[in-house]
Peer 1: 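Supplied in structure tokens, the structure appears directly below.
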Amino acid sequence: MSDPALQPVVKEIPPKAADLSAWYTAVCLKAELASYSPVRGCVVLRPYGYGLWENLQKHLDRAFKETGHENAYFPLLIPESLLLKEAEHVEGFAPEVAWVTHGGQEELTERLAIRPTSEVIIGVMYAQWVESYRDLPILINQWANVLRWEKATRPFLRTMEFLWQEGHTAHASAAEAREETEKMLGVYREFAENVAAVPVYAGVKSASERFPGAVETFSIEALMPDGKALQSATSHDLGQNFAKAYDITFLDADQQIKHAYTTSWGMSWRMLGAMIMVHGDDRGLRIPPKMAPIEAVFVPILRKGDERSVAACHDAAKALREAGFRVKVDDRDQQPGWKYAEWDVRGVPLRIEIGPRDVDAGTAVLVRRDRAKGDPEQKITVPLDRLAQSIRELLDLIQRSLYDEAKAFLESHTVRETERGAFLRACKERAGMIDIPWCGSAACEAHVKASTGATTRNTRPLEGAESLCVACGEPATVRAYFAQSY
RNA sequence: CGGGACGUAGCUCAGCUUGGUAGAGCGCUUGCUUUGGGAGCAAGAAGUCGCAGGUUCGAAUCCUGUCGUCCCGACCA
């Protein structure tokens, strides 16, 4: 422990590469994103973590509105009799449903499920609202919490109660529903890559990974530093399954009564977990600027008897706020180095140092969080009257740089295998996204899972030349990414 | 849900083997000096040892149960 090289860079955060799990948990807690609570498997989302969630909401909500959706809110509790109507759905969720059995001292005649997802209660309401093809489509999103009785939990990645949004739409035709499903998958992909700076593979889930009750499930999948994949959002084409179970019918223009076609799609705070793992380093979080609750933090440097820098920071911060930036002045009574370390842990993209020398010169020092200490690109000095432009440019640069870094990792850890032995080895060793022509059979997938722990993450059409499944030798029907998953 | 580890001050942990009434570092409070990568000195506050039983004159320590956290596996939109 006396060797400085063996000391952790940040107190109480272990090196990321050595033990991703320990690093991840420590960062979530030390950056004050979340706290464990007295409730098993449930975390408190602290203000800084909630700031991340609000930025996710802001961007996604705008995208939902732009694609014609409206927000609404449905009940938390679902009567058991309603839940039982879609057999596959019930079977899929039964092990994870929590039940309300009493109201006060009185035992209920019918148990109430705490929603694990809201297809049921929303489907029941849509059945009441839809009569004519003129009532379609219904395009509604809900921001909500849901509860699933999980056995093993980790902050954001899997918690019993979690925050998410769930879109639920009903359409007059299968084609329109499918179009909606794919459109929202695109919205998620756009968000993940352009806002959270997390590159993903978008595609179709295999039958065994499909949402219970869906005709087709699409997902975006991100790759974590340990080579495991993380499903970051899903979009489901539910066909007429739920419409038939919950009687969502309409009189079409041809005077025939028809069942509607429904979709559902969701992204949860798990996306934050992906962002944390993909970008973080040994100093803590690195938050992409578009997601950062604080884009830049001012650290004034004092000199005995000279506190001009504090006022200079506040003045500059005020101007930046008026220009639309999210900035903070850290004027606490602490050493600058202490503050640097703390804001590093919390992943603020830019630090702005103003000291006596800067006050005299009318400048500020900008320090990029995405660059290492000692990197010549880490610090630049800019004139105060150009601060807004400089920050705008740097934030854009950091946003792009984080994405490029993650993209390079994904690409260098996406391996196209053509030989069975090498394929199975890559799956077992968590080499990343293992890309093969695949037969699409559940038995083949189950066999790969049993011998390596990996499953298909998602699939896409063949590129043309491939003919046989690398895993089993049967004719290939799609290309698939295999990986172990969170 | 199976296998393993852990739970002592806000944090990281020592003490437990061999029972005797609570410790360290960091953090926190106050004052002074400091401040361009986790400052220094001085004084001070802070823990029903996760919880519940049991054994014992006496339990952080031994036994049982329980709750929680982490790791591996199983399961899991």
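Computed from a predicted model, the values in this text were never measured in an experiment. A note on names: the letters A, B, ... follow the listed sequences, proteins ahead of strands, and every chain is numbered from 1.
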Peer 1: More than 12 heavy atoms of other residues, nucleotides or ligands under 6.0 Å from NE2 of His314(A): yes or no?
Peer 2: yes
Peer 1: Mind checking the C1' distance from rU21(B) to rC49(B)? Whole angstroms is fine.
Peer 2: 12 Å
Peer 1: Which nucleotide, in any strand shown, forms a Watson-Crick or G-U wobble pair with rU55(B), with both distances under 3.5 Å?
Peer 2: none
Peer 1: Can you find a donor-acceptor pair, distance only, under 3.5 Å between Gln335(A) side chain and rG38(B) base?
Peer 2: no
Peer 1: Can you tell me how far C1' of rC76(B) sits from CZ of Arg210(A), to the nearest Å?
Peer 2: 17 Å
Peer 1: How would you label the contact of Pro212(A) with the nucleic acid (heavy atoms, under 4.0 Å): base, sugar-phosphate, or nothing?
Peer 2: sugar-phosphate
Peer 1: Decide if atom CD of Glu307(A) counts as having more than 12 heavy atoms of other residues, nucleotides or ligands within a radius under 6.0 Å.
Peer 2: no
Peer 1: With sugar-phosphate meaning primed atoms plus P, OP1 and OP2, does Glu119(A) contact a base, only sugar-phosphate, or nothing at under 4.0 Å between heavy atoms?
Peer 2: nothing
Peer 1: Check every atom of rC1(B), rC71(B), rU33(B) against the side chain of Arg154(A) and return the nucleotide holding the closest atom.
Peer 2: rC71(B)
Peer 1: For a quick check of understanding: with a heavy-atom distance under 4.0 Å over all strands, which category does Ser118(A) fall into, base, sugar-phosphate or nothing?
Peer 2: nothing
Peer 1: Figure out the CG/C1' separation between Asp358(A) and rU35(B), and round it to whole Å.
Peer 2: 14 Å
Peer 1: Which nucleotide wins on minimum distance to the side chain of Lys373(A), given the candidates rG37(B), rC71(B), rG36(B)?
Peer 2: rG37(B)
Peer 1: Determine which nucleotide pairs with rU61(B), using a 3.5 Å limit on both distances of a Watson-Crick or G-U wobble pair.
Peer 2: none
Peer 1: How many Å lie between CZ on Phe162(A) and C1' on rC76(B), as a whole number?
Peer 2: 11 Å
Peer 1: Looking only at atom types and distance, does a side-chain atom of Glu161(A) sit under 3.5 Å from a main-chain N or O of Leu147(A), one as donor and one as acceptor?
Peer 2: no
Peer 1: Touch check for Gly41(A), heavy atoms < 4.0 angstrom, all strands: base, sugar-phosphate only, or nothing?
Peer 2: sugar-phosphate
Peer 1: Tell which nucleotide pairs with rG37(B), taking only Watson-Crick or G-U wobble pairs whose two distances are both under 3.5 angstrom.
Peer 2: none
Peer 1: Between rU34(B) and rC41(B), how far is it from one P atom to the other, in whole Å?
Peer 2: 15 Å
Peer 1: Between Thr159(A) and Pro155(A), is there a donor-acceptor pair closer than 3.5 Å when you use the side chain of the first and the backbone of the second?
Peer 2: no
Peer 1: What is the distance, to the nearest angstrom, from the CG atom on Leu302(A) to the C1' atom on rG36(B)?
Peer 2: 11 Å
Peer 1: Contact class for Arg158(A) (heavy atom, under 4.0 Å): base, sugar-phosphate, or nothing?
Peer 2: base
Peer 1: In whole Å, what separates the C1' atom of rG25(B) from that of rU69(B)?
Peer 2: 24 Å
Peer 1: For the pair Tyr188(A) and Phe64(A), name the ring-plane relationship: parallel under 30°, tilted 30 to 60°, perpendicular over 60°.
Peer 2: perpendicular
Peer 1: Grab the CD-P distance between Gln484(A) and rC72(B) for me, whole Å please.
Peer 2: 11 Å
Peer 1: Examine the base of rG37(B) for any acceptor or donor lying under 3.5 Å from a partner atom in the side chain of Glu342(A), and report the outcome as yes or no.
Peer 2: no
Peer 1: Please state the C1' separation for the pair rA59(B) and rG54(B) - nearest whole angstrom.
Peer 2: 11 Å
Peer 1: Using a cut-off of 4.0 Å on non-hydrogen atoms, how would the nucleic acid contact of Arg351(A) be classed: base, sugar-phosphate, or nothing?
Peer 2: base
Peer 1: Work out how far the C1' atom of rU30(B) is from that of rC67(B), and round it to whole angstrom.
Peer 2: 39 Å
Peer 1: Base, sugar-phosphate, or nothing: which does Lys205(A) touch, judged by heavy atoms less than 4.0 Å apart?
Peer 2: nothing
Peer 1: Going by purine N1 to pyrimidine N3 plus the second Watson-Crick contact, or the G-U wobble pair, all under 3.5 Å, which nucleotide sits opposite rG2(B)?
Peer 2: rC72(B)
Peer 1: Once you apply the 3.5 Å cut-off to both distances, tell me the Watson-Crick or G-U wobble partner of rG44(B), or none.
Peer 2: rC28(B)
Peer 1: If I take atom CD1 from residue Ile287(A) and atom CG from residue Leu52(A), how far apart are they, to the nearest 0.5 angstrom?
Peer 2: 4.5 Å
Peer 1: Could you tell me how far apart Leu20(A) (CG) and rC72(B) (C1') are, to the nearest whole angstrom?
Peer 2: 15 Å
Peer 1: Identify whether any heavy atom of Trp149(A) sits under 4.0 Å from a base atom; if not, whether one sits that close to sugar-phosphate; answer base, sugar-phosphate or nothing.
Peer 2: nothing
Peer 1: In terms of side-chain heavy atoms of Glu150(A), which of rG68(B), rC76(B), rG37(B) is nearest?
Peer 2: rC76(B)
Peer 1: Determine the contact category for Gln334(A): base if any of its heavy atoms lies under 4.0 Å from a base atom, sugar-phosphate if only primed atoms, P, OP1 or OP2 are that close, otherwise nothing.
Peer 2: base
Peer 1: Using a cut-off of 4.0 Å on non-hydrogen atoms, how would the nucleic acid contact of Thr25(A) be classed: base, sugar-phosphate, or nothing?
Peer 2: nothing
Peer 1: For the P atoms, the ones on rA45(B) and on rG2(B), what distance do you get once it is rounded to whole angstrom?
Peer 2: 48 Å
Peer 1: Per the ring pair (Phe, Tyr, Trp, His ring centres under 6.0 Å) rule, what does the pair list look like for residues 17-45 of chain A, sequence neighbours excluded?
Peer 2: none
Peer 1: Just to be sure I understand the rule, does Tyr340(A) reach a base, reach only the sugar-phosphate, or reach nothing, if contact means heavy atoms closer than 4.0 Å?
Peer 2: base
Peer 1: Lys205(A) pairs by side-chain hydrogen bond (donor to acceptor under 3.5 Å, both in side chains) with which of Glu216(A), His236(A), Gln231(A)?
Peer 2: Gln231(A)
Peer 1: Asp19(A) near the nucleic acid: base, sugar-phosphate alone, or nothing, with a heavy-atom cut-off under 4.0 Å?
Peer 2: nothing
Peer 1: Mind checking if Val365(A) touches a base, just sugar-phosphate, or nothing, with heavy atoms under 4.0 Å?
Peer 2: base
Peer 1: Heavy-atom nearest nucleotide on RNA chain B for Glu96(A) versus Ile301(A): which residue maps closer to 5'?
Peer 2: Ile301(A)
Peer 1: Could you tell me how far rA9(B) sits from rG65(B) if I compare only their P atoms? Round to whole Å.
Peer 2: 25 Å
Peer 1: Round to a whole Å and report the spacing from NZ of Lys30(A) to P of rC11(B).
Peer 2: 8 Å
Peer 1: Answer with base, sugar-phosphate or nothing: what part of the nucleic acid does Thr117(A) contact at a heavy-atom distance below 4.0 Å?
Peer 2: nothing
Peer 1: So what's rG7(B) paired with, Watson-Crick or G-U wobble, going by both distances under 3.5 Å?
Peer 2: rC67(B)
Peer 1: Between rU48(B) and rA22(B), how far apart are the C1' atoms? Round to whole Å, please.
Peer 2: 13 Å
Peer 1: Could you tell me the separation between the CD atom of Glu353(A) and the P atom of rG37(B), rounded to a whole number of Å?
Peer 2: 7 Å
Peer 1: Search all heavy atoms of Tyr246(A) against all heavy atoms of Glu86(A) and return the closest pair with its distance.
Peer 2: OH-N, 3.7 Å
Peer 1: Quick one: on RNA chain B, does Gly266(A) or Ile354(A) contact a more 5' nucleotide (nearest heavy atom)?
Peer 2: Ile354(A)
